[in-house]
Amino acid sequence: MVDDGYVNASSNGNGNGNGNGYQESPRKTKDINNKKKKKKRGGSKKKMTAEQALALKSVSEWVYLDRQLVADDFDFGVHKTVMMRREDKVVFELHSHSKFSDGFLSPSKLVERAHGNGVKVLALTDHDTMSGVPEATEAARRFGIKIIPGVEISTMFSPRIPEAEEPVHILAYYSSGGPARSDELEKFLANIRDGRYLRAKDMVLKLNKLKLPLKYLYDGGPAYSTGNEPIVEEAVQFIRETGGVAVLAHPWALKNPVAIIRRLKDAGLHGMEVYRSDGKLAVYSDLADAYGLLKLGGSDYHGRGGNGESELGSVNIPVLALNDFLKVARPIWYRAIKDIIERYAEEPSDLNLAMITKFGGTKILKGNSATSCGKDLIDRCLSMWLTTEERQAAEFEAIKVKLSCVEINQGETRVPIESH
């Protein structure tokens, strides 16, 4: 019985006494009850299954490739050193924007913010440009973050019924070495960007003729105009051809997601966004399962601020989903890396050298004090991009033999290689 805030203790076992005939203070009783509630509410930490532990081990090995991790650094899939601060997961952020498109932060500041949020893998996916990736890669070396070079491509879904046409965004994820044919991809993206400028100009002209305010610039509105956006199926196929993984962005924003997903699966789509900061969207998870697509997600961070924006690293992608992503992506990226290096081996020009170093985070410093052969460059790049088993493949050994007699030059200046 409670009387005036005190617990009535008794030796007969009734009430909340300790059986010794004295009364406990209300503060002490409150503390005990709070501890019981916390223990009940938190419970014991859920243990990883063997499958999850193996998936974490595989994902972590890829994340820390450039730090030369060995199998002994793991205990049942959990990394033991200080390099991975969280014991049960590695945080991936697969959808972010910088000021190179419509974001508010520079790539360097974006990387710094991601680091502050515990992100270990960051995909920079600016709209229709990869211009911010080199800066992000440079900054990421200072913070121990792995960068996935990416881009969010603006496309159009064009069914037989013109009224059902709608814009669709496709995320492309590339290897650490970048796209296999980055020059072709840049032309492809530049055409979209140029079309956006002409599109905006055309819409403003329409508004002026109609004497309407800018709030009429919605899809299908009286001043709506299309640009040079490619057909979405063509974009997916082009991503595949350039060594990328194609993922449908924010399907919940589409008017007709089922028809689009069905069409894109036939075109070679690899996955779709399913996870958001507010959790997994069951209907889209089911769609991904139905069409055999990878289930991914990201914050779509722009740095605008305010309560409505998801923070970098706020999307919890299960380790099994991340492992599935890498199982699909790594063979694709392996072939892309081989194509990039093979292209340089066949024609060791400054242009092809730039293709290797542009996205890969390997610096070439000007100077006359030393020279280096192409094999050294390839060895250093491959050690950051591929596993020991992958880079010891016979096809890479053959390429390195070709490059062993090639000196690295930049214009008239011979330059050594610096790797961090």
Side-chain angles (χ1 to χ4, degrees), residues 46-56 58-59 62-63 77 86 88-97 117-123 125 148 150 152-153 155 157 159 164 166-173 232-233 235-236 239-240 244-301 308-332:
K46 189 176 180 181
K47 293 183 179 179
M48 282 190 292
T49 65
E51 184 183 17
Q52 289 170 328
L54 288 172
L56 178 63
S58 178
V59 170
W62 177 79
V63 171
R86 301 189 183 190
D88 58 347
K89 65 179 179 180
V90 180
V91 181
F92 278 57
E93 173 55 77
L94 295 177
H95 194 162
S96 65
H97 299 274
N117 290 352
V119 173
K120 292 300 179 186
V121 178
L122 174 67
T125 54
I148 295 179
E152 184 172 359
I153 302 178
T155 74
F157 174 66
E166 62 174 309
V168 178
H169 288 187
I170 302 294
L171 293 161
Y173 300 116
V232 63
E233 296 96 321
V236 168
I239 291 168
R240 292 178 65 100
V245 177
V247 173
L248 175 63
H250 33 71
W252 44 86
L254 299 174
K255 299 173 186 174
N256 194 2
V258 176
I260 292 172
I261 291 168
R262 185 188 304 120
R263 184 89 66 89
L264 293 185
K265 172 62 178 178
D266 292 339
L269 187 74
H270 295 105
M272 58 187 283
E273 288 192 312
V274 166
Y275 298 100
R276 304 196 309 186
S277 58
D278 55 359
K280 179 175 70 174
L281 298 182
V283 63
Y284 298 103
S285 178
D286 291 343
L287 273 174
D289 287 334
Y291 289 95
L293 296 171
L294 295 170
K295 292 189 275 191
L296 299 171
S299 68
D300 197 5
Y301 182 80
E309 182 170 41
S310 298
E311 185 54 80
L312 281 169
S314 62
V315 177
N316 183 24
I317 308 175
V319 69
L320 293 178
L322 292 174
N323 196 39
D324 288 341
F325 168 55
L326 292 176
K327 280 181 181 178
V328 171
R330 287 179 66 175
I332 295 171

Chemist: List for me each residue that meets ring pair (Phe, Tyr, Trp, His ring centres under 6.0 Å) alongside Tyr173, sequence neighbours excluded, and say none if there are none.
Modeler: Phe325
Chemist: So how far is it from Leu281 CG to Asp286 CG, rounded to the nearest 0.5 Å?
Modeler: 10.5 Å
Chemist: Under 4.5 Å between any side-chain heavy atoms of Tyr275 and Pro318, yes or no?
Modeler: yes
Chemist: Tyr284: what forms a side chain to side chain donor-acceptor pair (under 3.5 Å) with it, not counting sequence neighbours?
Modeler: none
Chemist: Nearest 0.5 angstrom please: Glu51 CD to Leu320 CG, how far?
Modeler: 5.0 Å
Chemist: Val315 and Gly297: which non-hydrogen atoms are nearest, and at how many Å?
Modeler: CG1-C, 4.2 Å
Chemist: Would you compute the distance between atom OG1 of Thr155 and atom CD1 of Ile170 and round it to the nearest 0.5 angstrom?
Modeler: 5.0 Å
Chemist: Return the minimal non-hydrogen interatomic distance between Arg262 and Tyr291, and the atom names on each side.
Modeler: NE-OH, 3.5 Å
Chemist: How close do Ala321 and Leu296 get, counting heavy atoms only, and between which atoms?
Modeler: O-CD2, 4.3 Å
Chemist: First locate atom CG of Asp300, then atom NE2 of His97, and finally report the distance between them rounded to the nearest 0.5 Å.
Modeler: 4.0 Å
Chemist: With the side chain counted from C-beta on, respond yes when Ser96 and Leu312 share a heavy-atom pair under 4.5 Å apart, and no when they do not.
Modeler: yes
Chemist: Test your reading of the model: is there a side-chain donor-acceptor pair from Glu93 to the backbone of Leu122, 3.5 Å cut-off?
Modeler: no
Chemist: Can a salt bridge be assigned to the pair Asp289 and Lys295 using a cut-off of 4.0 Å between side-chain N and carboxylate O?
Modeler: yes
Chemist: Ignoring hydrogens and geometry, is there a side-chain-to-backbone donor-acceptor pair from Glu166 to Asn256 under 3.5 Å?
Modeler: yes
Chemist: Answer yes if the side chains of Arg276 and His250 hold a donor-acceptor pair under 3.5 Å, and no otherwise.
Modeler: no
Chemist: Show, in sequence, the C-alpha distance, side-chain angles and deciding distance for His270 and Ile332, and conclude whether the side-chain contact (heavy atoms from CB on, under 4.5 Å) test is met.
Modeler: CA-CA 11 Å; His270 295 105; Ile332 295 171; 3.5 Å; yes
Chemist: So, Glu233 side chain and Arg263 main chain: donor-acceptor pair closer than 3.5 Å or not?
Modeler: no
Chemist: Whether the Ser277 and Glu311 side chains hold a donor-acceptor pair (N or O, under 3.5 Å, no angle test) is what I'd like checked.
Modeler: no
Chemist: Output the distance between atom CG (Leu269) and atom CZ (Arg240), rounded to the nearest 0.5 Å.
Modeler: 9.0 Å
Chemist: Please find the pair of heavy atoms, one from Ile317 and one from Phe92, that lie closest to each other, and give the distance.
Modeler: CD1-O, 4.4 Å
Chemist: For Ala55 and Val319, which heavy atoms make the closest approach, and how far apart are they?
Modeler: C-CG2, 3.9 Å
Chemist: Can you name the residues that form a side chain to side chain donor-acceptor pair (under 3.5 Å) with Ser58, not counting sequence neighbours?
Modeler: Asn323
Chemist: For Phe157 and Leu254, run side-chain contact (heavy atoms from CB on, under 4.5 Å): C-alpha distance rounded to whole Å, both residues' side-chain angles, the deciding distance at 0.1 Å, then the answer.
Modeler: CA-CA 10 Å; Phe157 174 66; Leu254 299 174; over 6 Å; no
Chemist: Distance from Ser310 atom OG to Asp278 atom CG, nearest 0.5 Å?
Modeler: 7.0 Å
Chemist: Identify which one of Leu264, Val168, Ile153, Val247 satisfies the side chain to side chain contact (heavy atoms under 4.5 Å, CB included) criterion when paired with Val236.
Modeler: Leu264
Chemist: So, for Met272 and Pro251, which heavy atoms are closest and what is the spacing to 0.1 Å?
Modeler: CE-CG, 3.8 Å
